[in-house]
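Here is the structure we will look at, set down as structure tokens.
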Amino acid sequence: MNIGIVCYPTFGGSGVVATELAKVLSKKGHKIHVLSYSRPARLETLDTNITYHEVSINSYPLFEYPPYALALASQMVNLIEYENLDLLHVHYALPHATSAYLAKQIMMERGKTVPIVTTLHGTDITVVGKDPSYKHVVEFSIDKSDGVTAVSNYLKEETYINFDIKQDIKVIPNFIDLERFKKSNKSHFKKAICPDGEKVVVHVSNFRRVKRVPEVITVFAKILEQGIKAKLLLVGDGPDRQKAEQQCRDLGICEHTRFLGKLDEVEEVLSIADLFLIPSGSETFGLAALEAMSCSVPVISSNIGGLPEVNIEGETGYLCDLDDTECMAKHAVNILSNQGLHDELSANARKRAELFNQDLVVEMYESFYKEVSEQAFPVH
Ligand code: GMT
């Protein structure tokens with residue numbers, strides 16, 4: 001198929017999922033056109049089946065707010081018309097689903113139509129989408145898509161609770177490249193970071209408030225208080241980084257904590273991890289947890305959103321109430337001081353990650369594309 005994929009380019013989960021989907025579909029022989037306002041972080045290498053198109057948005061003295069959604073719709077029209085798209089798949093409802101609806105209407109006036117698939121990822125529903133300033137448009141645009149997917153059962157339910165949507169929503173979870181995300185031998189790295197054989201606790205996020213980075217530091221301080229020799233590696237960057245660094249200084253635990261910044265090869269850090277912490281305040285799926293589990297790392301998470309669909313209590317790790325750092329620290333100490341328990345959880349974590357194998361999940365997208373196309377253009 002000739003597929004257009006629209007996404008945000010930043011380090012957020014929706015951009016990662018969209019880009020990885022583009023790469024797998026291209027390997028399977030589909031022609032992919034990725035449309036974004038800058039090159040997505042994971043679309044770094046040349047791929048003959050993937051063409052990247054940038055939305056150019058010119059400013060004008062009258063525009064205090066340049067109309068990105070319109071420039072995007074106009075570029076979508078170009079792609080549908082000149083690249084002969086069979087289907088347009090937009091990731092994150094706002095404004096992508098709205099621009100896609102507009103592009104489709106324009107094309108219908110020209111006698112051509114193309115099915116639109118919208119994938120709901122997270123804050124497009126749980127935060128921004130239900131904000132009264134956007135709600136009506138988001139609701140309308142999702143409902144007008146020809147096919148809608150959500151990354152977890154939780155997100156599907158949230159969408160029905162918050163919006164008046166008649167469309168069926170198909171749950172297609174996040175997926176993982178099991179070959180890339182697997183525990184590999186990084187003993188040199190481990191020795192350099194942990195010269196005294198300390199345990200390694202890892203957190204990966206964009207350091208927004210929702211990720212609860214200060215709570216990660218609090219849990220880690222409690223782990224140290226219990227006499228566990230450990231290092232905390234924090235991967236990523238964002239608004240809460242300075243606050244977290246200050247917290248480390250205040251707690252006097254800087255020598256045990258390393259802020260590694262944004263990293264592409266997260267799997268290298270996960271390969272030396274003994275435990276992954278994800279205490280998020282909202283998480284529709286938790287791709288970062290899946291990446292850790294795929295590298296055989298037990299996970300301690302909050303029990304909110306879609307996380308219980310990924311991390312299974314007592315099997316792949318533990319889940320605690322939001323902000324219950326005591327509970328998280330208690331389980332962390334237990335895992336880090338009991339090798340048998342650790343080994344069992346890590347084997348289970350990898351096994352569970354295998355259920356989200358990218359080959360299986362991308363096939364789900366392909367069948368959904370087929371289904372949506374057949375509904376849009378029934379064969380008589
Ligand atoms: O909504 C966000 O905060 C960012 C969002 C995205 O679209 O980049 O991340 C979400 O999508 C990921 C991929 O589907 C999920 O794994 C994340 O759980 C989800 N983040 C949140 O819900 C906070």
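Nothing here was measured: the structure is a model prediction, and the numbers come from that model.
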*Sort out for me which residue in Leu277, Asp323, Ile217, Thr325 forms a side-chain contact (heavy atoms from CB on, under 4.5 Å) with Arg212.*
Asp323
*Can you spot which of Val6, Thr19, Leu21 makes a side-chain contact (heavy atoms from CB on, under 4.5 Å) with His91?*
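Between His91 and the candidates, side-chain contact (heavy atoms from CB on, under 4.5 Å) is satisfied uniquely by Leu21.
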Does a salt bridge link [X] with [Y], judged by any charged N lying under 4.0 Å from a carboxylate O?
X      : Y      : value
Arg110 : Glu81  : yes
Glu366 : Lys28  : yes
Lys330 : Glu326 : no
Asp274 : Lys190 : yes
Glu215 : Arg209 : yes

*Name all pairs fulfilling the salt bridge (charged side-chain N to carboxylate O under 4.0 Å, His left out) condition that reach into residues 34-63, sequence neighbours left out, sorted by first residue then second.*
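Of all non-adjacent pairs touching residues 34-63, those that pass salt bridge (charged side-chain N to carboxylate O under 4.0 Å, His left out) are Glu20-Arg42, Lys23-Glu44, Arg42-Glu291.
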_Ring-ring centroid check His96 Tyr8, cutoff 6.0 Å_ = yes
*asked:* For residues 271-341, which residue pairs pass the disulfide (SG to SG under 2.5 Å) check, not counting sequence neighbours?
replied: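 Checked against disulfide (SG to SG under 2.5 Å) - neighbours excluded - the pairs reaching residues 271-341 are Cys320-Cys327.
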*Is there a chain of hydrophobic side chains (I, L, V, M, F, W, Y, each step under 4.5 Å between heavy atoms) that links Leu70 to Val138?*
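Yes, Leu70 and Val138 fall within the same hydrophobic cluster.
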*Cluster question for you: counting only ILVMFWY and a side-chain heavy-atom cut-off of under 4.5 Å, with indirect links fine, are Leu287 and Leu155 together?*
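Shared cluster, yes.
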*asked:* For the residue pair Thr119 / Thr149, report whether a side-chain donor-acceptor contact shorter than 3.5 Å exists.
replied: yes
*Should the pair His89 and Tyr365 be assigned to parallel (<30°), tilted (30 to 60°) or perpendicular (>60°) ring geometry?*
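Aromatic pair His89/Tyr365 classed tilted.
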*asked:* Run Gln247 and Thr218 through side-chain hydrogen bond (donor to acceptor under 3.5 Å, both in side chains) and show every step you take.
replied: CA-CA 9 Å; Gln247 195 185 353; Thr218 304; 3.1 Å; yes
